[in-house]
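Right, one structure below, let's go through it.
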Amino acid sequence: MILELMPYRACYPIFKLIYSAAANAKHNMGLNEEYLVIIKATVNEDTTVKKIETSSSRILCVIICILVGSMGQKINPLGFRLATTQGHHSLWFAQPKNYSKGLQEDQKIRECIKNYVQKNMRISSGVEGIARIEIQKRIDLIQIIIHMGFPKLLVEGKPRRIEELQMNVQKELNYVNRKLNITITRITKPYGHPNILAEFIAGQLRNRVSFRKAIKKAIELTEQADTKGIQVQIAGRIDGKEIARVEWIREGRVPLQTIRAKIDYCSYRVRTIYGVLGIKIWIFVDEE
């Protein structure tokens with residue numbers, strides 16, 4: 001290291017401190033020492049240190065080293081809680097060589113359904129109301145369950161719209177030997193789901209409403225759904241500012257590190273006249 005070879009007296013104690021911290025991270029935490037970096041260094045400004053500096057005329061400092069390994073610091077809350085409080089949205093089996101095709105097929109199904117719902121909604125509020133789309137595949141049947149907050153806006157006036165949607169999906173994916181079945185399930189408290197809430201905030205931002213007003217209104221709607229906590233984060237050129245930034249507001253508890261805490265999460269992109277904004281929402285539903 002460079003610190004070991006430098007002629008200054010203060011360098012060698014700092015080198016020993018960093019070397020010790022790296023050794024502890026390697027042996028106690030199992031981290032790879034080649035990927036460790038120092039992300040924070042602070043100097044102790046206590047009065048006793050100042051007295052030592054004046055009396056001995058040495059540069060004495062205390063460095064706090066926080067070492068980070070190659071492991072990630074952020075994780076998707078839904079994947080983090082699989083098999084505990086969260087289930088899979090797609091249930092099917094495929095050979096390893098056919099897995100990517102099945103994954104792309106699921107993506108096409110979800111995009112086709114969202115595009116159809118967006119075009120055929122009875123009102124143009126910008127809120128599609130789709131909380132999630134569950135896909136279950138068998139040998140000769142594909143079962144699709146659409147969880148919606150406002151199904152009447154789609155079905156009302158045209159009761160055969162589900163059949164039209166089914167035909168559109170079959171035509172898009174060229175299903176011949178497999179039967180397709182689509183059902184719509186209504187959600188009792190739609191604004192307690194992050195996807196619907198993100199669509200509401202996106203509609204407000206498109207209409208040039210202040211992001212703070214949009215977030216506070218969304219939090220009020222979430223409180224009516226009896227949730228325990230919510231965190232909303234918006235990133236990008238907020239309110240048309242030249243410099244992009246990140247703004248977030250939290251209300252209540254959002255225990256992201258507690259696995260037994262049931263947390264719904266979504267990330268949503270919205271296009272505005274100033275550029276693309278990213279919306280992330282965490283909702284603390286319940287604790288098991």
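As the structure is a prediction and not an experimental result, all values here were calculated from the model.
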(Q) Parallel, tilted or perpendicular, judged at 30° and 60°: which one describes the rings of Trp282 and Tyr265? (A) tilted
Would you call [X] and [Y] a side-chain contact if the rule is heavy atoms closer than 4.5 Å?
X      : Y      : answer
Ile234 : Phe211 : yes
Leu256 : Val254 : yes
Lys241 : Arg245 : yes
Glu105 : Lys137 : yes

Nearest non-hydrogen partners of [X] and [Y], listed with the distance:
X      : Y      : value
Leu205 : Thr272 : O-CG2, 4.3 Å
Ala202 : Ile279 : N-CD1, 4.0 Å
Arg81  : Pro77  : NH1-O, 3.2 Å
Ala131 : Ile187 : CB-CD1, 3.0 Å
Glu199 : Gly129 : OE1-N, 3.0 Å
Tyr116 : Arg161 : OH-O, 3.4 Å

(Q) As a test of understanding, state which of Asp286, Ile283, Ile263 forms a side chain to side chain contact (heavy atoms under 4.5 Å, CB included) with Lys228. (A) Asp286
Q | From Gln143, Arg110, His88, residue fulfilling side chain to side chain contact (heavy atoms under 4.5 Å, CB included) relative to Ile135 | A |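 The side chain to side chain contact (heavy atoms under 4.5 Å, CB included) with Ile135 is passed solely by Arg110 among Gln143, Arg110, His88.
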**Q.** Asp226 with Lys189: basic N within carboxylate O range, under 4.0 Å
**A.**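 A salt bridge is present here (some side-chain N lies under 4.0 Å from a carboxylate O).
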Q) Could Glu134 and Arg132 be called an ion pair, given the rule that one side-chain N must be under 4.0 Å from one carboxylate O? A)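 Between Arg132 and Glu134 there is a salt bridge, with a charged N closer than 4.0 Å to a carboxylate O.
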Q. Applying the 4.5 Å side-chain criterion to the ILVMFWY set and letting contacts propagate, would Leu78 and Phe80 be lumped into a single cluster?
A. no
Q.
salt bridge (charged side-chain N to carboxylate O under 4.0 Å, His left out) for Asp239 and Arg208? Distances and angles first, verdict last.
A. CA-CA 8 Å; Asp239 290 339; Arg208 302 188 186 182; over 6 Å; no
With distance as the sole test, does [X] use its side chain to make a donor-acceptor pair with the main-chain N or O of [Y] at under 3.5 Å?
X      : Y      : value
Thr185 : His147 : no
Asn115 : Glu111 : yes
Arg178 : Arg138 : yes
Asn207 : Gly203 : yes

Nearest 0.5 Å please: distance from the [atom1] atom of [X] over to the [atom2] atom of [Y].
X      : Y      : atom1 : atom2 : value
Ile215 : Ile249 : CD1   : CD1   : 4.5 Å
Cys112 : Leu165 : SG    : CG    : 6.5 Å
Ile113 : Ile133 : CD1   : CD1   : 4.5 Å

Q.
Surrounding CD1 of Ile139 (heavy atoms of other residues, nucleotides or ligands, distance under 6.0 Å), is the total greater than 12?
A. no
Q.
Does Glu172, at its CD atom, have more than 12 non-hydrogen atoms belonging to other residues, nucleotides or ligands within less than 6.0 Å?
A. no
Q: Tell me, with the steps shown, if Ile281 and Ile201 meet side chain to side chain contact (heavy atoms under 4.5 Å, CB included).
A: CA-CA 10 Å; Ile281 298 179; Ile201 295 175; 4.0 Å; yes
